[in-house]
Visitor: 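Here's a structure for you.
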Amino acid sequence: MSSMTKSNLITSLVQEMPPSGIRKFFDYASGQEDIISLGIGEPDFTTPRAVREACIRALEEGRTEYTPNAGLLELRESIAGYLNTSYQLDYDPVHEMMVTIGSSEALDLALRVLINPGDEILVPSPCYVSYSPITGLCSGTTVEIETSAHNGFKLTAAELESKITPRSKLLILSYPSNPTGGIMSYDDWLPIAQLVEKYDLVVLSDEIYAELTYRAKHVSFASMPGMKERTLLISGFSKAFAMTGWRIGYVCGPEQLIEPMLKIHQYTVMCAPILGQIAAIESLKPHGLESKDRMMESYNERRRMFVTGLRQIGLPCHEPQGAFYAFPSIAHTGLTSDQFAEQLLKEMNVLAVPGTAFGQSGEGFIRCSYATSVPKLEQALERMQQFMQRL
């Protein structure tokens, strides 16, 4: 082993994978006192008590066994009922759904099943940090479709069609958007769906923030006419249900796509943890859904307060309609996104994420999570105001 070098030990695909643009900021902040973090996309709520108590009971009853590879049927049936009631989606819990280790595993499985070397994957940008690296691991090529603040970071048909080539295979959608908070309406989706059919694309719709929309109800892309059979819908319990550490996600779609994903899942992880699945079942019961709604109301209050505060201190910010992120512009400061975020952290102990962590079209922006307490958000705004005055 000592004679081996990195160049012949590590695969070229991994060597070429860039490190996360978020990680260096967390590494710098770790161990530092008095840091206010607006960086992590994690609810500050604890998983509701009734959900935790259901897991305690299950553990005391000895529920420590494997589940079916696709997940507990009771959970899949609960998810199917929830999606039908909430978003008018009709999925067969036996053949068109599987439970995964977070929505992240579902994303990884979907890309491994769908991508052949050289395939082009279309992604509206700025976007979640994982899409491009995992596409690269699958020997695919990411094609970014730039979106902009002037229309709320919506994907338009014209922008999409301008990027489609004969090598285009898959369109990744992520609305409500991380990092921008943008959403898409039925009328926004309609011309996108027409292009998906025209160019025979497959769609991976990451809807992990579906429950977190503030002025308009979420419209699932899979609910659009003719799109269910072309779409893999990915979601989970981490964000809206305050269950990040339980690692329970799911994917729904055509049986011919779910089946090969399940095949990889069988070999790599066997099944998602049973206690997490039991927690997810409990969270979809009436008291769990009531807790979700209360958390949602709190995020909405913070959203209004924080976005107003950003504008008042001189950081223009479009109004996020979904998720729990603000994406203010810092372009007028003369600093790059990285410079702004680094100086804000080092001088004021406020951690925000540079927009470039989410693609080059994120230059000129920073991402701030408002999934933290109101006092901390107020303190962060005070420090950011001082920072802006210095600039």
Side-chain angles (χ1 to χ4, degrees), residues 6-7 9-28 39-42 100-147 153 155 163 165 167-175 177-180 201-209 232 234-236 238-239 244 247 249 251 257 260-261 264-265 267-269 323 325 327 337-338 341 352-363 365-367 369:
K6 182 180 178 182
S7 61
L9 182 63
I10 309 300
T11 72
S12 59
L13 289 174
V14 174
Q15 287 189 55
E16 292 163 9
M17 178 188 289
S20 168
I22 298 176
R23 181 49 47 197
K24 69 176 181 179
F25 289 86
F26 286 99
D27 290 344
Y28 177 85
I40 192 163
E42 180 169 34
T100 57
I101 299 184
S103 60
S104 298
E105 191 211 355
L107 170 68
D108 180 46
L109 292 175
L111 294 181
R112 282 202 268 174
V113 162
L114 289 168
I115 296 176
N116 284 310
D119 285 343
E120 290 180 352
I121 311 306
L122 302 156
V123 185
S125 177
C127 65
Y128 178 53
V129 296
S130 292
Y131 301 147
S132 183
I134 298 177
T135 295
L137 276 181
C138 299
S139 299
T141 301
T142 302
V143 177
E144 292 190 9
I145 309 166
E146 187 170 345
T147 62
F153 295 97
L155 174 65
K163 297 290 186 178
T165 76
R167 302 191 74 90
S168 302
K169 181 175 186 179
L170 175 66
L171 171 62
I172 298 181
L173 300 171
S174 179
Y175 288 94
S177 166
N178 170 14
T180 69
L201 300 175
V202 180
V203 173
L204 195 163
S205 187
D206 182 351
E207 302 184 21
I208 189 67
Y209 294 99
L232 283 170
I234 289 175
S235 193
S238 291
K239 309 298 184 179
T244 50
R247 306 312 301 133
V251 55
L257 295 181
M261 291 175 67
I264 301 174
H265 177 79
Y267 284 120
T268 52
V269 299
Y325 306 105
F327 202 60
S337 295
D338 276 73
V353 181
T356 47
F358 308 97
Q360 282 309 303
S361 59
E363 180 57 78
F365 298 88
I366 57 170
R367 190 194 76 173
S369 168

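A quick note: this is a predicted structure, and the numbers were derived from the prediction, not measured. The figures that follow rest on heavy atoms only: side chains count, while hydrogens, waters and symmetry mates do not.
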Visitor: Scan side-chain atoms only and decide if T244 and E42 contain a donor-acceptor pair under the 3.5 Å cut-off.
Guide: yes
Visitor: Provide the closest heavy-atom pair for I40 versus S369 in the form atom of the first, atom of the second, distance.
Guide: O-OG, 3.3 Å
Visitor: Please examine the side chains of S104 and R247, heavy atoms only from C-beta on, and report whether any two atoms are closer than 4.5 Å.
Guide: yes
Visitor: Give every donor-acceptor pair under 3.5 Å between a side-chain atom in residues 352-361 and any protein atom, sequence neighbours left out.
Guide:
from, atom 1, to, atom 2, distance (Å)
T356, OG1, D338, OD1, 2.7
S361, OG, S125, O, 3.2
S361, OG, S125, OG, 2.6

Visitor: Decide side-chain contact (heavy atoms from CB on, under 4.5 Å) for V143 and T165; before the verdict, give the C-alpha distance in whole Å, the side-chain angles of both, and the deciding distance to 0.1 Å.
Guide: CA-CA 10 Å; V143 177; T165 76; over 6 Å; no
Visitor: So do the side chains of L109 and E105 get within less than 4.5 Å of each other, counting heavy atoms only?
Guide: yes
Visitor: On the 0 to 90° scale, with breaks at 30° and 60°, tag the F365-F327 ring pair as parallel, tilted or perpendicular.
Guide: parallel
Visitor: Please test T180 against Y325 for side-chain contact (heavy atoms from CB on, under 4.5 Å), starting from the C-alpha separation and ending with a verdict.
Guide: CA-CA 7 Å; T180 69; Y325 306 105; over 6 Å; no
Visitor: Report the distance from atom OG1 of T100 to atom CD1 of I234, rounding to the nearest 0.5 Å.
Guide: 7.5 Å
Visitor: Determine the minimum heavy-atom distance between C138 and I115, stating which atoms define it.
Guide: O-CG2, 3.4 Å
Visitor: Taking side-chain contact (heavy atoms from CB on, under 4.5 Å) as the criterion, tell me which of D206, L204, L155 meets it with L173.
Guide: L155
Visitor: With a 4.5 Å cut-off on side-chain heavy atoms, are Y175 and P124 touching?
Guide: yes
Visitor: Under the side-chain contact (heavy atoms from CB on, under 4.5 Å) rule, what do T11 and Q15 come out as? Steps first, then yes or no, please.
Guide: CA-CA 6 Å; T11 72; Q15 287 189 55; over 6 Å; no
Visitor: Taking the side chain as every heavy atom from C-beta outward, state whether L114 and L232 have any atom pair closer than 4.5 Å.
Guide: yes
Visitor: Measure across G136 and L13 and return the closest heavy-atom pair with its distance rounded to 0.1 Å.
Guide: O-CD2, 3.4 Å
Visitor: When rounded to the nearest 0.5 angstrom, what distance separates CE in M17 from OG in S132?
Guide: 9.0 Å
Visitor: What's the shortest heavy-atom distance between R167 and G118, and which atoms?
Guide: NE-O, 3.0 Å
Visitor: Would you mind reporting whether D108 and L137 have side-chain heavy atoms less than 4.5 Å apart?
Guide: no
Visitor: As an exercise, state the distance from CG of L111 to OG1 of T135, rounded to the nearest 0.5 Å.
Guide: 4.5 Å
Visitor: Give every residue pair that meets the salt bridge (charged side-chain N to carboxylate O under 4.0 Å, His left out) criterion with at least one member in residues 113-139, sequence neighbours excluded.
Guide: D119-K169
Visitor: Could you verify whether a donor N or O on one side chain and an acceptor N or O on the other, from S174 and Y209, lie under 3.5 Å apart?
Guide: no
Visitor: Report the distance from atom NZ of K163 to atom CD of E146, rounding to the nearest 0.5 Å.
Guide: 8.0 Å
Visitor: If I take atom CD1 from residue I134 and atom CD1 from residue I121, how far apart are they, to the nearest 0.5 angstrom?
Guide: 12.0 Å
Visitor: Do you know which of C127, P126, S177 makes side-chain contact (heavy atoms from CB on, under 4.5 Å) with F153?
Guide: P126
